[in-house]
Asks: 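Below is a structure I'd like to ask you about.
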Amino acid sequence: MREADELLNVDDPAWPLLLQELSGTDVPVEVLPGDTEVGRASLLQLQVTARSNLGGIVLNSGGLLVDSGWLRIFGSPSDADAERLPGLSEINAMPETFDPAWRPVAGLVVAHDVLGGVFALNGGTPREAGRPGEPGEILYFAPDSLSWEALGAGHSAWLSWILSGGHQEFYESLRWDGWRAEVSMLNGRQGLSFFPPLWSAEARQDLSATSRRAVSMAELLALSRDSCRQFDGTDPGFLGAV
């Protein structure tokens, strides 16, 4: 168990390099102001250092809003921005005070998208959690297939992939004319509910013909879990506490 000073005071913190990467990307990204106290507490609880991109985001920002909020990468927002985007500690139901026994057993949720998709960092025993991939690999819970997919990358490589625009091809079949205007009207605690749902044959055939409404992310994620249980009796597990 490492002390807070050991996690914080590193010779090569990730944040300055990440800021350079953010300033050089063509992808629209808004960096929300962070709460340093919450960030320090989160680093201690997670036992990650400021040398990692995960640690850098959590310590120095309130999170990243990518593509007008289509993708929400969690950090440590100030009280004023907590309504726009919940923090990593809230999303993962971390203890209010440091608990050395706490671990995100199934995996750490690091981002949501507006569709109800979930990006999670695999825990140490993914097979026991019923998830694919290797420890430390980023997974995606896909709302159009209601299943977890291993992305073949760790957190830093995944973040670089997003900032290089790789996510645009990833979501190509799930975007419609006018999506940015709809998404920009939401806050980071809301997503879009589709009818017919994304996993239906009708939505796959013509996504633009679906109707969409803003709902809370809690409702959207609960609907995905319920659909998984009804179809094959499988629970996808923890998707984030919102």
Asks: First locate atom CE of Met217, then atom OG of Ser193, and finally report the distance between them rounded to the nearest 0.5 Å.
Replies: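 Met217 CE to Ser193 OG: 11.0 Å, rounded to 0.5 Å.
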Asks: For a quick test of reading the model, state the closest non-hydrogen atom pair linking Ala50 to Leu59 and the distance between them.
Replies: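 So the two residues come closest at CB-CD2, 4.1 Å.
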Asks: Under a 4.5 Å cut-off applied to non-hydrogen side-chain atoms, are Leu115 and Tyr171 in contact?
Replies: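 Touching, per the 4.5 Å side-chain cut-off.
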Asks: Is it the case that over 12 heavy atoms from other parts of the model lie below 6.0 angstrom from the CG atom of Asp177?
Replies: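 Count not over threshold, so no.
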Asks: When you measure from the side chain of Arg51 to the backbone of Leu8, do you find a donor-acceptor pair of N or O atoms at a distance under 3.5 Å?
Replies: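 Side chain of Arg51 to backbone of Leu8: no pair is present.
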Asks: On a heavy-atom basis, which atom in Pro143 and which in Gly117 lie closest, and how many Å separate them?
Replies: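 Distance-wise, the nearest heavy atoms are CD-CA, 3.7 Å.
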Asks: Is there a donor-acceptor contact under 3.5 Å from the side chain of Ser184 to the main chain of Ser68?
Replies: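 No, because the side chain of Ser184 does not come within donor-acceptor range (under 3.5 Å) of the backbone of Ser68.
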Asks: Treat each ILVMFWY residue as a node, draw an edge where side-chain heavy atoms are under 4.5 Å apart, and state whether Trp161 and Ile138 are in one component.
Replies: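 Trp161 and Ile138: one cluster.
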Asks: Does the side chain of Ile162 reach to within under 4.5 Å of the side chain of Val66, using non-hydrogen atoms?
Replies: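 Yes, close enough: below the 4.5 Å cut-off.
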Asks: Charged N to carboxylate O under 4.0 angstrom, Arg213 versus Glu219?
Replies: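 Glu219 and Arg213: salt-bridged.
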Asks: Only one of Ile91, Leu54, Asn122 clears side chain to side chain contact (heavy atoms under 4.5 Å, CB included) with Leu108; which?
Replies: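 For Leu108, the side chain to side chain contact (heavy atoms under 4.5 Å, CB included) test succeeds with only one of Ile91, Leu54, Asn122, which is Leu54.
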Asks: In Å, rounded to the nearest 0.5 Å, how long is the span from CD of Gln45 to CG of Asp99?
Replies: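 Between atom CD of Gln45 and atom CG of Asp99 there are 6.0 Å.
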Asks: Is a side-chain N or O of Ser52 found less than 3.5 angstrom from the main chain of Gly55, in a donor-acceptor match?
Replies: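 Between the backbone of Gly55 and the side chain of Ser52 there is a qualifying donor-acceptor contact (under 3.5 Å).
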Asks: Would you indicate whether the side-chain heavy atoms of Leu17 and Asn53 approach each other to under 4.5 Å?
Replies: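 Heavy-atom side-chain distance check fails, nothing below 4.5 Å.
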Asks: How about Trp199 and Phe194: are their ring centroids closer than 6.0 Å?
Replies: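 No, the ring centres sit 6.0 Å or more apart.
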Asks: Are Leu44 and Leu121 linked, directly or through intermediate hydrophobic residues, by side-chain heavy-atom contacts shorter than 4.5 Å (ILVMFWY only)?
Replies: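 No; Leu44 is not reachable from Leu121 via cluster members.
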Asks: Between Met94 and Ser42, does the side-chain contact (heavy atoms from CB on, under 4.5 Å) criterion hold? Intermediate values first, please.
Replies: CA-CA 8 Å; Met94 290 165 59; Ser42 296; 4.1 Å; yes
Asks: Atom CG of Leu220 and atom CG of Leu192: how far apart are they, to the nearest 0.5 Å?
Replies: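 Here the rounded value is 8.0 Å.
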Asks: Could you tell me which non-hydrogen atom of Ser61 sits nearest to which non-hydrogen atom of Trp15, and how far apart they are?
Replies: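 Looking at all heavy atoms of both residues, the shortest contact is CB-CH2, 3.8 Å.
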Asks: How long is the span from the CD atom in Glu182 to the CH2 atom in Trp176, to the nearest 0.5 Å?
Replies: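 So the CD of Glu182 and the CH2 of Trp176 are separated by 5.5 Å.
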Asks: Between Arg127 and Glu134 (salt bridge meaning N to carboxylate O under 4.0 Å), is one present in this structure?
Replies: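 Judged by the 4.0 Å cut-off on N to carboxylate O distance, Arg127 and Glu134 do form a salt bridge.
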Asks: Okay, side chain of Glu169, backbone of Gly166: is any donor-acceptor separation there less than 3.5 Å?
Replies: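 Such a contact is absent between Glu169 side chain and Gly166 backbone.
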Asks: Can you confirm whether Val110 sits close enough to His155 that some side-chain heavy atom of one is under 4.5 Å from a side-chain heavy atom of the other?
Replies: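 Yes, their side chains come closer than 4.5 Å.
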Asks: Would you check if the side chain of Glu149 reaches a backbone N or O of Ala142 as a donor-acceptor pair within less than 3.5 Å?
Replies: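 The answer is no, because no donor-acceptor pair under 3.5 Å joins these two groups.
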Asks: Check for a donor-acceptor pair, side chain of Asn60 on one end and backbone N or O of Gly56 on the other, with a separation under 3.5 Å.
Replies: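 Yes, Asn60 side chain to Gly56 backbone: donor-acceptor pair under 3.5 Å.
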Asks: State, yes or no, whether a side-chain contact exists between Pro132 and Leu139 at a heavy-atom distance under 4.5 Å.
Replies: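 The answer is yes; the side chains approach within 4.5 Å.
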Asks: Any link between Leu163 and Ile57 through a network of hydrophobic side chains (Ile, Leu, Val, Met, Phe, Trp, Tyr) touching at under 4.5 Å?
Replies: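 Linked within one cluster.
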Asks: Can you give me the closest heavy-atom contact between Gly240 and Val109, atom names plus distance?
Replies: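 Closest pair (atom of Gly240, atom of Val109, distance): N-CG2, 4.0 Å.
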Asks: Using 0.5 Å steps for rounding, measure from the CG atom of Leu71 to the CD1 atom of Ile73.
Replies: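 Between atom CG of Leu71 and atom CD1 of Ile73 there are 4.5 Å.
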Asks: Transitively linked via ILVMFWY side-chain contacts under 4.5 Å: Phe98 with Leu88?
Replies: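 Not linked; separate clusters.
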Asks: Would you say that more than 12 heavy atoms from the other residues, nucleotides or ligands in this model lie under 6.0 Å from the CE of Met1, or not?
Replies: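 More than 12 within 6.0 Å, yes.
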Asks: In terms of hydrophobic clustering (I, L, V, M, F, W, Y; side-chain heavy atoms under 4.5 Å; direct or indirect links), are Val58 and Val10 co-clustered?
Replies: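 Different hydrophobic clusters.
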Asks: Which heavy-atom pair separates Gly39 from Ser76 by the least distance, and what is that distance?
Replies: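 Answer, listing the atom of Gly39 first, then Ser76: CA-OG, 3.4 Å.
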Asks: Closest heavy-atom contact between Ser227 and Leu146?
Replies: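 Closest approach of Ser227 to Leu146, heavy atoms only: CB-CD1, 3.7 Å.
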Asks: Taking it one step at a time, do Asp206 and Ser208 satisfy side-chain hydrogen bond (donor to acceptor under 3.5 Å, both in side chains)?
Replies: CA-CA 6 Å; Asp206 188 358; Ser208 63; 2.8 Å; yes
Asks: Please lay out, stage by stage, how Glu30 and Arg84 fare under the test side-chain contact (heavy atoms from CB on, under 4.5 Å).
Replies: CA-CA 12 Å; Glu30 181 182 359; Arg84 292 189 65 195; 2.9 Å; yes
Asks: Parallel, tilted or perpendicular: which describes the rings of Phe119 and Phe170, with under 30° parallel and over 60° perpendicular?
Replies: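 Ring orientation, 0 to 90° scale: tilted.
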Asks: Any donor-acceptor pair under 3.5 Å linking the side chain of His112 with the backbone of Leu239?
Replies: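 Present.
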Asks: Does Arg131 reach the main-chain N or O of Pro236 with its side chain, forming a donor-acceptor pair under 3.5 Å?
Replies: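 Confirmed, Arg131 side chain pairs with Pro236 backbone.
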Asks: Would you please test Leu221 and Val118 for side-chain contact (heavy atoms from CB on, under 4.5 Å) and show each step?
Replies: CA-CA 9 Å; Leu221 298 177; Val118 181; 3.8 Å; yes
Asks: Between Trp148 and Tyr140, is the ring-ring contact (aromatic ring centres under 6.0 Å, His included) condition met? List the steps.
Replies: CA-CA 5 Å; Trp148 287 101; Tyr140 179 64; 8.2 Å; no
Asks: Quick test of your reading of the model: are Arg175 and Asp67 salt-bridged, counting only N-O distances below 4.0 Å?
Replies: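 Salt bridge: yes.
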Asks: Please answer whether the main-chain N or O of Gln47 pairs with a side-chain N or O of Arg2 as donor and acceptor at a distance below 3.5 Å.
Replies: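 Yes, Arg2 side chain to Gln47 backbone: donor-acceptor pair under 3.5 Å.
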Asks: Give a yes or no on whether the backbone of Leu186 and the side-chain of Arg189 come within a donor-acceptor separation of less than 3.5 Å.
Replies: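 Not confirmed, Arg189 side chain does not pair with Leu186 backbone.
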Asks: Is there a side-chain contact between Pro126 and Pro135 in this structure, where contact means two heavy atoms from C-beta onward sitting under 4.5 Å apart?
Replies: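 Yes, their side chains come closer than 4.5 Å.
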Asks: Does the side chain of Val38 come within less than 4.5 Å of Ser89's, by heavy atoms?
Replies: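 Contact flag for Ser89/Val38 side chains = yes.
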Asks: Would you kindly say whether Ser160 and Glu21 are connected by a side-chain donor-acceptor distance under 3.5 Å?
Replies: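 A donor-acceptor contact under 3.5 Å links the two side chains.
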Asks: Taking CG in Asp26 as the centre, count heavy atoms belonging to other residues, nucleotides or ligands within less than 6.0 Å. Is the count above 12?
Replies: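 No, because the 6.0 Å sphere around CG of Asp26 holds 12 heavy atoms or fewer from other groups.
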Asks: Take atom CZ in Arg212; do more than 12 heavy atoms of anything else shown fall under 6.0 Å from it?
Replies: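 Correct, the count exceeds 12.
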Asks: When rounded to the nearest 0.5 angstrom, what distance separates CG in Leu46 from CG in Asn92?
Replies: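 These two atoms lie 7.5 Å from each other.
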Asks: Is Arg72 salt-bridged to Asp113, cutoff N-O under 4.0 Å?
Replies: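 Salt bridge between Arg72 and Asp113, a charged N being under 4.0 Å from a carboxylate O: no.
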Asks: Does the side chain of Phe195 come within less than 4.5 Å of Thr210's, by heavy atoms?
Replies: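 Heavy-atom side-chain distance check fails, nothing below 4.5 Å.
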Asks: Check whether more than 12 heavy atoms from other residues, nucleotides or ligands sit under 6.0 Å from atom CG of Asp79, and answer yes or no.
Replies: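 Counting other residues, nucleotides and ligands, CG of Asp79 stays at 12 neighbours or fewer.
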